[in-house]
Amino acid sequence: MDERKIDFIVCVSESICCEECMRYISDLIIPDGYRIDVLTVFEAEGMTKGYNEAMQESDAKYKVYLREDTFLLNRNFIADILDIFQKNDRIGMLGVAGTDVLLDNGDFLKWNIGSIMAYDGRCIKDHFELRQTSATYEKVEALEGTLIATQYDVSWREELTGWSFYSVSQSVEMKKQGYEVVVPYQENAWCYRDNAIINAEDYEKDHSQMQKLYPEYFPTRRMGGEVEKYRENGRMAEQMRELLTRYVEIHLYHDLGKLLERQRYNWLPDMQVQEVMNLIEIYSLEKMSTEKVHCKWFEMNQWKEMYQSYRNMRWTLLRMAYGRADSRISELEKAVAAGEISKDAIRKTANISSNDTSDVFGCFWKEKKEMPLVSVVMSVYNGEKFVAETIESVLNQTYSNIEVIIVDDCSKDGSRQIIEKYQKKDRRVRTILMDQNSNVCVAGNQAFANANGKYVAVIGHDDIWREDKIEKQITFLEEHPDVGICFTWIEVLGENGVTISKEYEQLYHMMNADNYTAENWLRCMILNKSNWACAPSACIRRSVLDKTGYYRYGLVQLQDFDLWLRILNYTSVYVLQEKLTWYRQFSRKGMNLSDLTGDKGKENRLQHECWWIISNAIEQMSDSKFLEVFSEELRWKEAMSHEAVLCEKAFLLWNVGGSLAAPYFIDMLENAECREILEQKYQFTLNDFYALNRQA
């Protein structure tokens with residue numbers, strides 16, 4: 001056994017994926033006196049058989065079992081694992097993520113210790129359930145299988161024939177031999193997992209095998225309905241993949257866009273399904289772009305060829321994002337310059353597959369074009385603790401052609417003095433000092449009315465922007481003149497400056513939305529009665545604000561919700577899926593305007609505002625827009641006339657607001673033609689409404 005050797009063992013199903021994995025292995029720093037080798041196993045019948053085959057051929061003491069879709073980001077990985085192994089000879093195996101509890105039903109979809117960068121086709125997964133180890137390493141019951149490093153050979157259980165649970169099985173086997181299984185501390189994630197979607201069919205098969213192999217560990221069977229639901233998701237994903245790839249190969253991109261618009265609410269467990277969605281979004285962006293460049297792969301007739309061309313671009317962008325040298329980078333630059341790959345493809349792909357696109361943006365947007373004026377508007381009330389940091393984040397933007405309009409809503413603390421200091425310090429800052437406190441709408445409208453920019457960006461007095469936020473948004477908006485407003489993704493920030501997105505997970509996921517058509521945004525926000533867009537991330541065309549109007553003076557809590565619905569009724573929107581905004585939330589009661597805890601009056605006002613906003617949005621919607629937005633909700637699918645649309649609006653309002661919709665019904669029933677349509681097409685009479693109106 002060679003104690004100065006480390007063998008990397010990879011089971012290969014796709015050679016091109018394995019080659020990408022090896023690029024990162026070749027980047028590793030090898031400690032003096034050590035050497036590495038890579039053993040690849042092709043056409044293995046299962047992960048455990050493949051790993052056993054390579055283990056028996058290897059003479060290295062240290063072995064690293066690596067999935068072919070795993071890219072090693074930690075260049076000091078070898079020294080780090082040697083340090084752990086050589087300081088504790090009882091450690092048999094380590095991995096980058098694990099669990100400290102073995103569930104008795106063997107369900108390992110969730111891990112709770114470690115760190116990993118995992119791409120699922122939509123974005124880098126958040127893994128809120130993972131916590132960092134509290135020491136150099138921490139003992140666990142089982143490891144996740146992305147990466148497994150060992151210093152002792154223990155046979156893999158070949159009775160486990162698939163591609164899941166092999167790491168859990170090996171964790172059990174190691175512990176049976178008296179060895180410890182650990183997860184190390186990782187200041188930054190050691191690994192990038194390029195396909196974090198679990199194959200449902202494979203998972204269920206191996207899950208059943210695990211319970212047979214280890215009944216003493218996993219005695220509880222899962223409910224049959226739960227198992228069947230998971231399998232059904234797998235079958236649906238496979239069917240969807242076949243359908244989508246057929247559409248792609250015959251270039252039915254418009255039809256694909258329509259098909260996928262609603263599908264985005266159901267992210268099926270299949271990487272290629274997700275990537276088709278990304279490609280269709282890219283195609284749509286290219287059509288709206290001033291450059292009118294479509295990527296070369298949209299002309300290809302084979303999905304496999306198209307998918308690999310796209311994937312090669314994505315992998316090249318990853319190499320850029322992680323600062324790795326790669327000959328493909330210059331090739332990609334030439335392809336973009338030649339119009340073979342669009343900047344929309346670069347932007348979208350970099351945003352969803354890496355956490356920081358600074359190097360990518362700097363490479364592909366080198367040319368400095370005209371910088372239109374951007375008006376940054378900020379309303380301040382008693383914000384002395386945070387407002388200086390907020391202003392600094394605005395003034396330090398890489399985009400310099402800005403004016404900062406700060407409205408102090410008659411603060412009682414030292415906010416006004418801080419704001420005035422910045423006005424004296426930087427000529428871009430203008431202040432408006434209110435002589436009495438009103439609310440955020442009055443102050444916000446004062447700022448809007450005094451904005452001179454082509455674009456208006458909104459920020460709260462306690463929120464923070466990353467330094468390249470405005471530059472990236474304006475670059476996008478200038479390239480896509482039909483898009484009226486651009487949002488970004490967010491992190492939730494606590495009052496002490498620490499990221500607390502995990503504690504506000506529902507809010508975090510709501511604000512970090514996918515991209516939809518304006519019609520689908522309207523539909524979802526109205527039916528769900530919720531705001532999916534974060535105000536301090538917004539950058540709006542001034543021409544759109546002039547068309548839609550500013551905040552409603554009668555609103556206090558949901559003024560943004562109302563404004564977004566009016567904008568969506570007029571123009572399209574886009575979300576840059578990069579976290580460029582830090583949105584502040586407070587733990588102290590009453591500090592957040594949206595906090596309803598123990599405040600019945602505020603809760604009542606929220607409900608009143610929500611109902612008025614939704615009913616007004618529906619009433620103001622044109623007949624054609626309403627039919628387009630709510631086509632799936634129509635009771636009478638052939639509704640076309642104005643009176644029929646009035647009837648459909650009444651039913652929709654009732655479904656959303658219940659008896660709150662009674663006044664609309666009463667007004668609508670004064671129209672004789674509406675009464676006739678209700679009776680003939682809906683079999684709904686006045687007596688039916690009287691009965692309906694008895695409901696709470």
Side-chain angles (χ1 to χ4, degrees), residues 14-17 19-20 23 71 119 121 194 244-257 260 271-354 356-369 471-472 475-483 515 574 576-578:
E14 277 190 287
S15 295
I16 195 164
C17 196
E19 289 169 8
E20 196 66 27
R23 282 189 172 91
F71 309 150
Y119 175 66
D194 194 55
L244 297 183
T245 54
R246 281 202 302 270
Y247 272 56
V248 167
E249 290 181 334
I250 56 178
H251 302 171
L252 293 177
Y253 299 127
H254 176 75
D255 294 337
L256 255 176
L260 291 174
M271 179 62 82
Q272 293 189 44
V273 170
Q274 316 313 338
E275 297 288 36
V276 170
M277 292 181 178
N278 295 330
L279 284 167
I280 296 308
E281 183 177 317
I282 290 169
Y283 187 83
S284 175
L285 287 170
E286 291 169 348
K287 287 179 65 178
M288 293 190 295
S289 173
T290 55
E291 295 187 352
K292 303 297 181 187
V293 171
H294 278 304
C295 291
K296 60 183 179 181
W297 54 64
F298 289 116
E299 299 175 1
M300 298 173 181
N301 297 317
Q302 295 295 320
W303 165 245
K304 184 177 181 180
E305 181 185 8
M306 179 186 294
Y307 182 45
Q308 190 46 52
S309 181
Y310 165 76
R311 212 163 35 156
N312 186 64
M313 179 201 69
R314 185 167 63 77
W315 289 340
T316 304
L317 293 174
L318 274 181
R319 299 285 290 178
M320 292 183 68
Y322 288 107
R324 303 303 171 87
D326 197 308
S327 61
R328 294 174 300 174
I329 294 174
S330 60
E331 295 172 7
L332 181 56
E333 289 184 78
K334 292 176 183 176
V336 172
E340 297 174 355
I341 292 179
S342 71
K343 288 184 177 180
D344 284 308
I346 298 292
R347 177 191 287 112
K348 167 68 180 179
T349 308
N351 281 346
I352 62 176
S353 57
S354 60
D356 187 349
T357 69
S358 299
D359 289 343
V360 173
F361 187 85
C363 177
F364 291 102
W365 281 271
K366 296 175 184 174
E367 182 184 351
K368 296 299 181 182
K369 298 183 178 179
E471 183 178 9
K472 287 179 174 177
T475 299
F476 176 85
L477 287 165
E478 286 288 282
E479 292 174 2
H480 301 85
D482 292 334
V483 177
N515 276 297
Y574 191 73
L576 279 181
Q577 294 168 306
E578 185 174 7

Verdict with supporting geometry, W365 and E479, side-chain contact (heavy atoms from CB on, under 4.5 Å): CA-CA 12 Å; W365 281 271; E479 292 174 2; 2.8 Å; yes
Any side-chain heavy-atom pair of Y253 and E286 under 4.5 Å: no
query: Counting distance only, does the side-chain N/O of K292 pair as donor-acceptor with the main-chain N or O of K287 below 3.5 Å?
result: yes
message: Is it the case that the side chains of Y119 and Q274 hold a donor-acceptor pair, with the cut-off being a distance below 3.5 Å and no angle test?
response: no
message: I'd like to know if the side chain of T475 reaches the main chain of E471, judged simply by a donor and an acceptor atom lying under 3.5 Å from each other, with no hydrogens or angles considered.
response: yes
- request: Measure the CG-CG distance between N278 and N515 for me, rounded to the nearest 0.5 Å.
  value: 10.5 Å
message: Could you tell me if the side chain of L244 sits less than 4.5 Å from the side chain of L256, heavy atoms only?
response: yes
message: Strictly distance-based, threshold 3.5 Å: is any side-chain N or O of H294 a donor or acceptor partner for the main-chain N or O of G339?
response: no
message: As an exercise, state the distance from CG of L332 to SG of C363, rounded to the nearest 0.5 Å.
response: 7.5 Å
- request: For V360 and A350, work out which heavy atoms get closest and say how close.
  value: CG1-CB, 4.0 Å
message: For S327, is there any backbone N or O sitting under 3.5 Å from a side-chain donor or acceptor partner on S330?
response: yes
query: Yes or no on side-chain contact (heavy atoms from CB on, under 4.5 Å) for D344 and M288, after CA distance, side-chain angles and deciding distance?
result: CA-CA 10 Å; D344 284 308; M288 293 190 295; over 6 Å; no
- prompt: In a check of ring-ring contact (aromatic ring centres under 6.0 Å, His included) between Y310 and each of Y283, F298, W315, W297, which one passes?
  reply: W297
message: Quick check: do L260 and Y247 have side-chain heavy atoms less than 4.5 Å from each other?
response: no
message: Quick check on side chain to side chain contact (heavy atoms under 4.5 Å, CB included): which of L279, I282, L576 does K348 satisfy it with?
response: I282
query: CG/D356 to CG/N351 distance, rounded to the nearest 0.5 angstrom?
result: 10.5 Å
- request: Would you sort out whether H251 and N301 count as a side-chain contact (heavy atoms from CB on, under 4.5 Å), showing the intermediate values?
  value: CA-CA 8 Å; H251 302 171; N301 297 317; 3.3 Å; yes
task: Rounded to the nearest 0.5 Å, what's the gap from OH on Y574 to CG on D482? Could you check?
output: 15.0 Å
Least distance between heavy atoms, C295 atom then S342 atom: SG-N, 3.3 Å
message: Do the side chains of R314 and E275 get close enough for a salt bridge, i.e. N-O under 4.0 angstrom?
response: yes
statement: Heavy-atom closest pair (T290 atom, P481 atom, distance to 0.1 Å) is CG2-CD, 3.5 Å
- line: Closest non-hydrogen atoms of R319 and A325, given as atom of the first, atom of the second and distance, are NH2-O, 3.1 Å
message: Walk me through whether I341 and F364 qualify under side-chain contact (heavy atoms from CB on, under 4.5 Å).
response: CA-CA 11 Å; I341 292 179; F364 291 102; over 6 Å; no
task: Can you measure from CZ (R246) to CH2 (W303) and round to the nearest 0.5 angstrom?
output: 14.0 Å
query: Would you call M313 and I346 a side-chain contact if the rule is heavy atoms closer than 4.5 Å?
result: yes
- request: Please examine the side chains of I16 and R311, heavy atoms only from C-beta on, and report whether any two atoms are closer than 4.5 Å.
  value: yes
statement: CZ (F476) and OG (S289) are apart, to the nearest 0.5 Å, by 8.5 Å
- prompt: Side chains of T357 and K472: is there a donor and an acceptor less than 3.5 Å apart?
  reply: yes
- request: Give a yes or no answer on whether the side chain of T316 reaches the backbone of N312 with a donor-acceptor pair at less than 3.5 Å.
  value: yes
- prompt: What pair of heavy atoms forms the shortest contact from L318 to S354, and how long is it?
  reply: CD2-CB, 4.3 Å
message: One thing to verify: whether D326 and R328 come together as a salt bridge, which I'm taking to mean a side-chain N less than 4.0 angstrom from a carboxylate O.
response: yes
message: So for atom NE2, which belongs to H254, do other residues, nucleotides or ligands contribute more than 12 heavy atoms lying within a distance under 6.0 Å?
response: no
